[in-house]
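One structure below.
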Amino acid sequence: IAKSGAKFDEYLMDYNLNTTQPMNLVFFSDRILHLSRLSRLTTQPRGNALLVGVGGSGRQSLVRLAAGMWGFSCQSIEITRTYDVVAFHDDLKRFMFEAVEKPVVFLFSDTQIVKESFLEDINNVLNTGEVPNLFDDNDQGQIINSMRPICQAAGLPLTKVALYSYFVKRVRANSHLSICMSPLGEAFRTRLRNFPSLVNNCTIDYFAAWPEEALRSVAKNTLDTIDMGADEVKEGIVQMCGRIHQSVEHASVRYLDEQDCEAA
């Protein structure tokens, strides 16, 4: 684990040198295991991930780092006040056209679900590699023109059906969807029932609550730059940070149980 953490630190340093949004991550054992799973999925054809956990658990950061480790592009959508289905379809087209040429990671979160039809389109991409009626005549022409030399070099038929089928095949092979969802509330269960490809076509990775070791690692990394005199003082504060955080978690669970009992 320690050797893997040092290696991932190198990858993170390289990633931060090549991005305008650097990340500051601490690689404790749980995070190393999650990143290893994402790295494996990213390199597998049709490797898609459903990342289940609450906000702030580091799911999106690890997806971006896993993509950067292999030199893959990581695409996402930017929600604005006017973002609608048309804008989402334009983003899907951009993602699919790029996936024809090279592997691409598409990062999507449940906080970006402006309309439930977004998930229906994601479900279709996971299941068949395409979205019905997504491409208009101009897009179809672009697909045919771009795929003709590729199919000709591969000795494949040059009919429109064959060209489009090979386009979909390449998109499915090169696209890697990483979907981040929170398990809290009824919406998560309803969406899994309505869109089964989220389970059937994804590898599920559960992000549990951070253990005390992780909390201490983050505290130690934060306090390393602060001079506190004796090392024993700093170590004691690091230990206390972990215990305070966990005591708040336990108190929150106890408070919720008490409220549920009163409501019942």
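Along the sequence shown, the residues carry numbers beginning at 1.
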Please report the interatomic distance CD(Glu258) to OH(Tyr255), rounded to the nearest 0.5 Å. 9.0 Å
Should Leu12 and Val63 be regarded as members of a common hydrophobic cluster, given that ILVMFWY residues are connected when their side-chain heavy atoms come within less than 4.5 Å of each other, either directly or indirectly? yes
So the salt bridge (Lys or Arg N to Asp or Glu O under 4.0 Å) pairs with at least one residue in residues 47-67 (sequence neighbours excluded) are none
Which atom pair, heavy atoms only, marks the closest approach of Phe27 to Ile32? O-CD1, 3.7 Å
Show which residues join Val86 in its hydrophobic cluster (side-chain heavy-atom contacts under 4.5 Å, direct or indirect), or state none. none
Could you tell me if the side chain of Val131 sits less than 4.5 Å from the side chain of Leu92, heavy atoms only? yes
Minimum heavy-atom separation for Gly129 to Val171, with atom names? O-CG1, 4.0 Å
Is any side-chain heavy atom of Leu198 closer than 4.5 Å to a side-chain heavy atom of Met181? yes
Hydrophobic clusters here meaning ILVMFWY residues chained together by side-chain heavy-atom distances under 4.5 Å, can you tell me if Leu107 and Phe207 are in one? yes
Do you know which two heavy atoms are closest between Ala162 and Pro157, and how far apart they sit? CB-O, 3.6 Å
side-chain hydrogen bond (donor to acceptor under 3.5 Å, both in side chains) contacts touching residues 12-22 (sequence neighbours left out): none
Could you tell me if the side chain of Ser29 sits less than 4.5 Å from the side chain of Leu33, heavy atoms only? no
Any sub-3.5 Å donor-acceptor pair from His176's side-chain atoms to Gly47's backbone N or O? yes
Linking Ile, Leu, Val, Met, Phe, Trp and Tyr by side-chain heavy atoms under 4.5 Å, what else ends up with Met240? Ile244
Candidate pair Phe188 and Leu192, rule side-chain contact (heavy atoms from CB on, under 4.5 Å), full reasoning: CA-CA 6 Å; Phe188 178 67; Leu192 292 188; 3.5 Å; yes
Any pair counted as side-chain hydrogen bond (donor to acceptor under 3.5 Å, both in side chains), so long as it reaches residues 150-163, sequence neighbours left out: none
Compare all side-chain heavy atoms of Val104 with those of Ser175 and state whether any distance is below 4.5 angstrom. no
OG1 of Thr203 to CZ of Arg37: how many Å apart, nearest 0.5 Å? 10.5 Å
Counterpart residues, salt bridge (Lys or Arg N to Asp or Glu O under 4.0 Å), relative to Lys115 (two or more places apart): none
Let me check something: do Val125 and Phe108 share a hydrophobic cluster, defined by ILVMFWY side-chain heavy atoms less than 4.5 Å apart, either directly or through other members? yes
Sequence-distant partners of Ala66, side-chain contact (heavy atoms from CB on, under 4.5 Å), two or more places apart: Leu35, Leu38, Thr42
Would you say the side-chain atoms of Gln239 pair up with the backbone N or O of Gly236, donor to acceptor, closer than 3.5 Å? no
Residues that Arg46 engages under side-chain contact (heavy atoms from CB on, under 4.5 Å), provided they are two or more places apart: Arg172
With sequence neighbours excluded, residues passing salt bridge (Lys or Arg N to Asp or Glu O under 4.0 Å) with Arg191: Glu116
Below 4.0 angstrom, N of the basic side chain to O of the carboxylate: do Glu98 and Lys102 qualify? yes
For residues Asp90 and Phe95, determine if any side-chain heavy atom of one lies less than 4.5 Å from a side-chain heavy atom of the other. no
List the steps, then state whether side-chain contact (heavy atoms from CB on, under 4.5 Å) holds for Ile79 with Thr111. CA-CA 9 Å; Ile79 301 298; Thr111 60; over 6 Å; no
Please check: side-chain N/O of Asn123 versus main-chain N/O of Leu119, any donor-acceptor pairing under 3.5 Å? no
Counting N and O atoms only, with roles assigned by atom type, does the side chain of Asn48 sit under 3.5 Å from a partner on the main chain of Leu177, one being a donor and the other an acceptor? yes
Yes or no on side-chain contact (heavy atoms from CB on, under 4.5 Å) for Asp91 and Tyr83, after CA distance, side-chain angles and deciding distance? CA-CA 11 Å; Asp91 285 331; Tyr83 197 87; 2.5 Å; yes
According to side-chain contact (heavy atoms from CB on, under 4.5 Å), who are the partners of Thr43, at least two apart in sequence or on a separate chain? Trp70
We want to know whether His34 and Arg31 form a side-chain donor-acceptor pair, criterion being a heavy-atom distance below 3.5 angstrom. no
Under the ring-ring contact (aromatic ring centres under 6.0 Å, His included) rule, what pairs show up with a residue in residues 119-145, not counting sequence neighbours? Phe97-Phe135, Phe135-Phe167
Short question: side chain of Asp110, backbone of Ser182 - any donor-acceptor pair under 3.5 Å? yes
To the closest 0.5 Å, what do you measure between NZ (Lys169) and CE (Met147)? 10.5 Å
Could you state the interatomic distance from CG (Leu51) to OG (Ser109), rounded to the nearest 0.5 Å? 10.0 Å
Which distance, rounded to the nearest 0.5 Å, do you find between the CE of Met69 and the OG of Ser36? 7.5 Å
Classify the ring geometry of Phe118 against Phe88: parallel below 30°, tilted from 30° to 60°, perpendicular beyond 60°. parallel
Leu25 versus Leu65: any side-chain heavy-atom pair under 4.5 Å? yes
With a 4.5 Å heavy-atom cut-off, do Phe106 and Ile77 have their side chains touching? yes
Between the OG atom in Ser178 and the CG atom in Asp205, the distance rounded to the nearest 0.5 Å is 10.0 Å
According to side-chain hydrogen bond (donor to acceptor under 3.5 Å, both in side chains), does anything in residues 126-141 pair up with another residue at least two apart or in another chain? List the pairs. Lys93-Asp139, Glu130-Tyr164
Minimum heavy-atom distance between Ile204 and Val52, given as atom pair plus value: CG2-CG2, 4.0 Å
Under 4.5 Å between side-chain heavy atoms, counting indirect links through other Ile/Leu/Val/Met/Phe/Trp/Tyr residues: same cluster for Val105 and Leu41 or not? no
Check whether any side-chain N or O of Ser61 sits under 3.5 Å from a backbone N or O of Gly58 as a donor-acceptor pair, and report yes or no. no
Verify same cluster id: Ile144, Leu156 (apolar side-chain graph, 4.5 Å): yes
side-chain contact (heavy atoms from CB on, under 4.5 Å) for Leu163 and Leu158? Distances and angles first, verdict last. CA-CA 6 Å; Leu163 293 172; Leu158 299 181; 4.3 Å; yes
May I ask you to check whether Gln75 and Ser73 show a side-chain donor-acceptor distance below 3.5 Å? yes
Would you call Arg254-Asp257 a salt bridge at under 4.0 Å N-O? no
In terms of heavy-atom contacts, Tyr166 and Cys151 come closest through CD2-SG, 3.5 Å
When you measure from the side chain of Gln60 to the backbone N and O of Cys180, does any donor-acceptor pair fall under 3.5 Å? no
